[in-house]
Amino acid sequence: MCGSLKGILGFLPVAVVMADEELTISVKNLCKVWDEEDCMSVDHIAVLKIALRKYICIAAKVHALVGCEILLTEDSIMIRNVGHSFGLHKLPVTGMAVIDMKSIPQYKVLIATTEGKLIEVKVSLGEDEIKFQHDRLTIDLDLKNNMIQGLALSTNGLLGGIVLKTSVYYDHLEKKEPLQFAMFVTKPFEEIYAKLKNVLKPQYSFLNTDSNAITSYTDYLDIIRMNLAAGIPLPDWLTAFTTNAVQNYENSYSTLELYFMRFILHAYVSGLAVGAPKDKANFEAKMREIDALIMRRYISKVINSCKESLDLLSPGQAQSLLLMADWLFKKFDTTLDFLYAAFGCDIPSENETLPARETCGICKQEVKLEDLKVAQCLKGHTFTRCCQSLLLCDVSHFSHCPACKSVVLKDIWNFDPYCTYCGMMTI
């Protein structure tokens, strides 16, 4: 989508093709959505993908909104349901962001205006044209002679960020920062936690959860962090697990729920949470059990992905699988007979019979698998274990998790760049 200062709004098809290692860009004819030169410049455009090859486009033209539905086919572009509306603002829009792309049949967009208003616009598809419903948000931004110059929202629209610019003359020798950045919470905490409960509700608990699922809900984690740091108690349903026995965690919580539980426990243990329960040792023990459950599910994923091609694995991958099998036997008394047999290893009968499968890179002494995260040789040299392979991180080419400080060896299991324990992206 593109717009002009004269007010024309259109869809400009651009094709990017890679042929013979050469990138070519071709621009086709402009498909006009609003062809009237009304001298109301197009200030901002938002695009919502509502289905495969189906989009809603919304443009802000001073104090008006123009929207349409766009359908893409193999050889044509269809523009329909063009509609417009005058909003609650009189001055130009200075920021626009999509709030929630999943709120079918209404789609929500947040706009910020020059006069400092935040307006939620609900967009719905009518029979002939797009319909707009405008509601001003009652959020006190305390602008103090500043104008909003930009707007962005978090993944689920819970947190907003605005760029503020001084709207009056100022002495550049005294005011060094005419631009400022501010953040705000877009919804009441009760509404946010109700949405989170809907995300974590039991009927979804046993669906397959990707390791990176938590990255789609990081703004919920930020809300939890803000509440804990300010001493605001979390809802009872969110902290009920802290009083449950860890033996019940395996069959009661999804991996996504375990990530949230681990995040809350870490806040209690680290001291981030103001007024947290004074039971640090118990919370640390629960964190270790949650790490073990997450690792168990991760190992199951790894084994299922390669059990039909064990003979094609690299030496590092084979050693990793043996360490995983040893840990499952040691922690959960689970024996993977087929895996030991495939690699020609003895099937363990008790923990003491598990051999050391690694050696210290410094003194060449044996290193046994005693802990998920750290390892120590007989002479006391200490290493971190990779959270994706359980191998010793005694080489420099690894990435680390900025959230929980776990490390990941490169070129072992290249499933994804996310931390096994907390689900955050490693760097």
Side-chain angles (χ1 to χ4, degrees), residues 1-10 12 33-34 37-48 56-67 84-101 107-123 132-189 192 218-219 221-223 225-226 229-230:
M1 291 295 292
C2 59
S4 71
L5 293 175
K6 293 182 178 181
I8 295 176
L9 177 66
L12 186 65
V33 175
W34 189 269
E37 293 188 3
D38 51 19
C39 294
M40 295 173 62
S41 63
V42 178
D43 299 316
H44 285 272
I45 297 175
V47 179
L48 299 82
I56 291 178
C57 297
I58 304 166
K61 291 164 54 68
V62 190
H63 58 282
L65 294 178
V66 177
H84 72 280
S85 170
F86 291 99
L88 301 177
H89 57 287
K90 300 300 181 183
L91 298 179
V93 170
T94 56
M96 177 183 287
V98 178
I99 295 179
D100 190 352
M101 298 184 66
Y107 305 92
K108 299 178 182 179
V109 173
L110 184 66
I111 62 175
T113 68
T114 305
E115 61 257 56
K117 294 180 179 178
L118 289 176
I119 301 171
E120 181 181 275
V121 181
K122 296 178 181 177
V123 184
F132 299 94
Q133 178 184 335
H134 303 257
D135 296 302
R136 183 175 178 181
L137 298 186
T138 57
I139 299 176
D140 183 11
L141 296 178
D142 192 18
L143 296 179
K144 295 179 180 178
N145 294 324
N146 290 314
M147 292 189 304
I148 299 176
Q149 289 293 103
L151 170 69
L153 293 175
S154 61
T155 307
N156 298 287
L158 307 181
L159 296 171
I162 52 177
V163 176
L164 301 175
K165 180 182 179 182
T166 301
S167 59
V168 295
Y169 289 110
Y170 64 93
D171 185 347
H172 70 281
L173 297 177
E174 294 184 3
K175 191 177 182 68
K176 300 296 184 182
E177 299 177 353
L179 288 179
Q180 301 177 31
F181 178 76
M183 293 189 67
F184 61 94
V185 180
T186 62
K187 304 177 185 296
F189 289 132
I192 292 174
T218 51
D219 45 358
L221 298 180
D222 288 329
I223 294 295
R225 181 188 291 112
M226 290 166 55

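Looking at every heavy atom in both residues, G157 comes nearest to D219 through N-OD2, 3.7 Å. Of all the heavy atoms in A59 and L9, the pair that sits closest is CB-CD2, 3.6 Å. The two residues G160 and L153 come nearest to each other via the heavy atoms CA-CD2, 3.7 Å. Taking both residues in full, the closest heavy atoms of L164 and I148 are given as CD2-CG1, 3.9 Å, listed atom of the first, atom of the second, then distance. The minimum heavy-atom distance linking L65 with M96 is given by the pair CD2-CE, 4.1 Å. Contact record, G116 with L143: CA-CD1, 3.5 Å, taken as the closest heavy-atom pair.
Checked options T113, T94, T114; the residue passing with M147 is T114 (criterion: side chain to side chain contact (heavy atoms under 4.5 Å, CB included)).
V185 has its side chain within reach of I192: a pair of non-hydrogen atoms, C-beta onward, lies under 4.5 Å apart. Taking 4.5 Å as the limit, every side-chain heavy atom of L110 sits out of range of all side-chain heavy atoms of V121. Residues L118 and F184 have side chains in contact (heavy-atom distance under 4.5 Å, counting atoms from C-beta outward). Side-chain contact between V98 and I58 is absent, with no heavy-atom pair separated by less than 4.5 Å. Side-chain contact between H89 and I111 is present, with heavy atoms from C-beta onward closer than 4.5 Å.
The structure places CD of Q133 at 9.5 Å from NZ of K108, a figure rounded to the nearest 0.5 Å. Rounding to the nearest 0.5 angstrom, the gap separating the CG atom in L141 from the CD1 atom in I162 is 4.5 Å. Atom NZ in K61 sits 7.0 Å away from atom OG in S4 (nearest 0.5 Å). With rounding to the nearest 0.5 angstrom, the CD atom of E115 is 11.0 Å from the NE2 atom of H63. Remark: K6 NZ to C39 SG distance equals 8.0 Å, nearest 0.5 Å. From R225, atom CZ reaches atom OG1 of T218 across 9.0 Å, with rounding to the nearest 0.5 Å.
Taking the six-membered ring for Trp and thresholds of 30 and 60 degrees, H134 and F132 have ring planes inclined between 30 and 60 degrees apart.
Remark: the backbone N or O of M40 is paired with a side-chain donor or acceptor of D38 at under 3.5 angstrom.
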Full working for side-chain contact (heavy atoms from CB on, under 4.5 Å) between V93 and I119: CA-CA 10 Å; V93 170; I119 301 171; over 6 Å; no

